[in-house]
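All values below were derived from every heavy atom in this structure, side-chain atoms included, with hydrogens, water molecules and symmetry-related copies excluded. Along the sequence shown, the residues carry numbers beginning at 1. In this text the structure is predicted, and so the values were computed from the model without any measurement.
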Amino acid sequence: MMPENPNDPHILGLRALAATLGEQRRAERLLSTTGLSVEALRAGASDPTMLAATLAFLEAHEPDLLDVAAEIGVRPEELVRAHALLDR
């Protein structure tokens, strides 16, 4: 089995979702902005559309984009690129 590529858009989306939900203020804003529940997010965690929506949420508020990128150890541009690839 090949090792997972940490720059894979799905993996970056999942890591960004986990970091977003891991910080209460961001998590509450994501839930209130999207109208989704935590259960819906968990159920859709493997869905590219859900991951793209999470990355779009972060892009819409640059401080969150920068914070999440720093938390998961990537450049913000990598999250933007992952969003573009997932949103095809």
Side-chain angles (χ1 to χ4, degrees):
M1 177 177 222
M2 300 211 34
E4 293 179 349
N5 176 357
N7 295 320
D8 178 274
H10 290 90
I11 293 172
L12 286 175
L14 281 170
R15 292 175 63 204
L17 176 60
T20 299
L21 294 176
E23 200 277 315
Q24 185 175 352
R25 179 191 53 81
R26 273 195 310 258
E28 288 173 359
R29 204 165 65 73
L30 174 65
L31 296 174
S32 68
T33 300
T34 63
L36 294 169
S37 66
V38 173
E39 294 77 23
L41 286 171
R42 283 188 187 124
S46 64
D47 181 356
T49 303
M50 179 74 73
L51 298 176
T54 299
L55 294 170
F57 164 80
L58 293 172
E59 284 181 53
H61 189 66
E62 187 177 22
D64 284 345
L65 177 68
L66 297 175
D67 288 347
V68 167
E71 285 177 33
I72 66 174
V74 300
R75 293 185 331 265
E77 298 82 15
E78 293 177 67
L79 295 179
V80 172
R81 179 180 169 275
H83 174 215
L85 291 171
L86 290 168
D87 208 23
R88 288 189 195 180

**Q.** More than 12 heavy atoms of other groups within 6.0 Å of Gln24 CD
**A.**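 No, the 6.0 Å shell around CD holds no more than 12 heavy atoms from other groups.
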Q: Identify the two heavy atoms, one from Val68 and one from Ala19, that lie closest to each other, and give their separation to 0.1 Å.
A: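 Smallest heavy-atom distance, with atoms named: CG1-CB, 3.9 Å.
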Side chain proximity check, [X] to [Y], heavy atoms < 4.5 angstrom:
{"X": "Asp67", "Y": "Arg26", "value": "yes"}
{"X": "Leu14", "Y": "Leu51", "value": "yes"}
{"X": "Leu58", "Y": "Val80", "value": "no"}
{"X": "Leu30", "Y": "Leu36", "value": "no"}

Q) Can a salt bridge be assigned to the pair Arg81 and Glu78 using a cut-off of 4.0 Å between side-chain N and carboxylate O? A)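 A salt bridge is absent here (no side-chain N lies under 4.0 Å from a carboxylate O).
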Pairwise distance [atom1]([X]) to [atom2]([Y]) - rounded to 0.5 angstrom:
{"X": "Asp64", "Y": "Glu59", "atom1": "CG", "atom2": "CD", "value": "12.0 Å"}
{"X": "Leu55", "Y": "Leu12", "atom1": "CG", "atom2": "CG", "value": "8.0 Å"}
{"X": "Asp87", "Y": "Thr49", "atom1": "CG", "atom2": "OG1", "value": "8.0 Å"}
{"X": "His10", "Y": "Leu85", "atom1": "NE2", "atom2": "CG", "value": "9.5 Å"}

Q.
Strictly distance-based, threshold 3.5 Å: is any side-chain N or O of Ser32 a donor or acceptor partner for the main-chain N or O of Arg29?
A.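 The answer is yes, because a donor-acceptor pair under 3.5 Å joins these two groups.
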Q. Counting distance only, does the side-chain N/O of Arg15 pair as donor-acceptor with the main-chain N or O of Glu71 below 3.5 Å?
A.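 Answer holds: no.
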Q. What about Leu66 and Val74, same hydrophobic cluster or not, with Ile/Leu/Val/Met/Phe/Trp/Tyr joined at side-chain heavy-atom distances under 4.5 Å?
A.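 Different clusters: Leu66 never reaches Val74 through Ile, Leu, Val, Met, Phe, Trp or Tyr contacts under 4.5 Å.
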